[in-house]
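Written below as structure tokens is the structure these notes are about.
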Amino acid sequence: MIDPKLLRQAAAEVAANLARRGFAFDADAYLALEERRKSLQVETEQLQSERNTNAKRIGKAKAQGEDIEPLLAAVKDLGEKLEASEAALQAVQTELRDLELGLPNLLDDAVPTGDSEEDNTEVRVWGEPAKPGFEARDHIELGERLGQLDFESASKISGARFVVMKGALARLQRALIQFMLDTHTSEHGYTETYVPYLVKSPALVGTGQLPKFEEDQFKTTDESPFYLIPTAEVPVTNLASDVIFEADSLPVRYVAHTPCFRSEAGSHGQDTRGMIRQHQFEKVELVQFVAPDASMDALEELTGHAEVILQKLNLPYRVVVLCSGDIGFGSTKTYDIEVWLPGQGRYREISSCSNYNDFQARRMKARRRNPETGKPELIHTLNGSGVAAGRALIAVMENYQQEDGSIRVPEVLQPYMGGIEVIAAPA
RNA sequence: GGAGAGAUGGCUGAGUGGUCGAAAGCGCUCCCCUGCUAAGGGAGUAAGGGUUAAAAGCCCUUCGAGGGUUCGAAUCCCUCUCUCUCCGCCA
């Protein structure tokens with residue numbers, strides 16, 4: 001949520017910023033609504049104040065045994081007026097809040113203006129795409145030849161956009177997850193967390209998926225109000241909701257491995273084959289709670305933490321800054337890390353690292369005590385994949401494939417693989 | 001799933017219709033006293049919002065959440081959520 005004070009005081013500037021996203025913010029309509037809120041609130045509070053003083057007066061008079069009838073007569077129609085005023089105020093406030101919850105975050109100046117992922121800017125490249133002396137297979141062919149990726153069974157059980165993994169490949173994904181968790185906890189100062197995979201709607205409002213992106217979420221049933229998490233960002237970031245952190249307790253860094261569930265509404269026809277875009281996938285997520293002046297530095301760090309994973313796996317990648325047309329709803333600045341996939345001959349997103357500044361914090365009332373003033377103030381939140389495990393598996397398969405279709409196990413994963421160095425089809 | 005109890009400020013905990021945003025204690029902050037340590041005395045100490053250029057001041061809201069009764073609700077009524085205890089079931 002954008003600071004309502006800023007919306008009031010600088011509506012035109014906000015509109016200009018959001019226009020870079022292609023988002024139309026009607027500043028005049030907002031300000032008109034805000035005017036109504038103001039007059040209604042002043043009026044309501046005046047009536048409330050009147051009610052309070054009268055009630056006190058009656059209480060006193062009664063205690064002294066005076067006749068309260070005339071006092072009661074005097075406040076006779078106050079109640080009705082107050083009720084009407086309160087109802088009108090609440091209606092306007094609900095309208096305002098709905099509007100505010102629907103506004104995306106303000107963009108950082110460093111975000112390039114653009115329409116689509118075509119306009120993202122590359123900031124650095126690491127490693128060099130390998131040129132094998134044979135034609136690289138994609139992960140689908142590799143996995144099916146090994147008999148360890150089974151899309152047919154998955155679709156029989158659950159339909160499209162699911163996979164069944166078996167044997168060493170299933171273990172390889174688990175190894176990747178373990179390796180990532182261990183690296184982030186022991187080398188980057190994150191605390192491992194285990195969190196619920198089912199959450200209630202306020203949690204999703206807090207991180208920004210609701211109310212606007214309801215159709216992207218899986219909901220359990222209409223009766224029970226649970227949603228399946230689309231990312232660990234949701235439960236982990238909400239650990240800060242309604243919390244006032246002590247001045248010296250930030251930054252807080254959490255890492256969690258969870259499955260992620262996405263309806264992928266609106267992405268029909270995209271990446272329908274293979275494991276790139278699934279309804280269910282595994283991800284290791286990094287979340288940070290930081291002081292408000294520390295978030296841009298933290299974003300660089302956090303992105304670096306994700307990069308370390310790819311470096312240790314020796315997977316070539318590049319980092320891009322998302323442009324104004326591609327960046328997420330709640331982010332003020334996002335780096336995507338794209339890993340090289342030989343089977344596709346291109347870079348594909350494997351991590352997305354975002355600074356939300358106070359956007360989520362305001363929604364979920366995540367605050368800290370300012371060390372100077374002692375007063376609560378909103379913190380900044382960040383998150384990033386560190387990294388997506390399903391896509392990391394694909395990347396390892398395609399980058400470590402050999403001509404005979406076998407897959408070498410990256411050195412850093414071997415301790416997690418019980419000595420397996422090559423994954424090959426049984427002879 | 002059955003039976004019962006509960007939800008109050010950073011914590012413990014009092015408060016069953018009026019001057020209660022809330023006693024007391026603990027904790028924390030500041031001051032005073034005391035030549036160590038310990039102890040003692042005093043003051044302060046919730047959050048959000050409105051008004052304001054901003055602050056002060058003033059006002060409003062909040063005692064799990066939402067609704068209701070009333071001139072007036074932490075206190076009475078209804079619904080919901082959560083927590084705890086016992087029984088049953090269960091990885």
A:E301 and A:R253: CA distance, side-chain angles, deciding distance, salt bridge (charged side-chain N to carboxylate O under 4.0 Å, His left out) verdict: CA-CA 12 Å; A:E301 269 178 39; A:R253 293 173 170 166; 2.5 Å; yes

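Within the shown strands, nothing qualifies as a pairing partner of B:U34 under the Watson-Crick or G-U definition with both distances less than 3.5 Å. With a cut-off of 3.5 Å on both Watson-Crick or G-U wobble distances, the partner of B:A3 is given as B:U85. Shown here, B:A46 forms a base pair with B:U62; the pair counts as Watson-Crick or G-U wobble because both key distances fall under 3.5 Å.
In terms of phosphate contacts, A:K38 brings a side-chain nitrogen or oxygen within less than 4.0 Å of OP1 or OP2 of B:U51. Residue A:N52 has a polar side-chain atom (N or O) positioned under 4.0 Å from OP1 or OP2 of B:C60. In this model, the phosphate group of B:G18 is not approached by any side-chain N or O of A:R57 to a distance below 4.0 Å at OP1 or OP2.
The CG atom of A:D242 sits 18 Å away from the P atom of B:A46 (whole-angstrom rounding). Here the C1' atom of nucleotide B:U51 and the CD atom of A:E35 are 13 Å apart, to the nearest Å.
Nucleic acid contact for A:R51: sugar-phosphate only, since backbone atoms but no base atoms lie under 4.0 Å from a heavy atom of the residue. Within 4.0 Å of A:R8, counting heavy atoms only, lie sugar-phosphate atoms of the nucleic acid but no base atom.
The separation of B:C11 from B:C89, taken at their P atoms, amounts to 38 Å, rounded to a whole angstrom.
Contact annotation: side chain of A:K62 to base of B:G18, donor-acceptor pair present below 3.5 Å.
Side-chain atoms of A:E13 do not come within 3.5 Å of backbone N or O of A:Q9 as any donor-acceptor pair.
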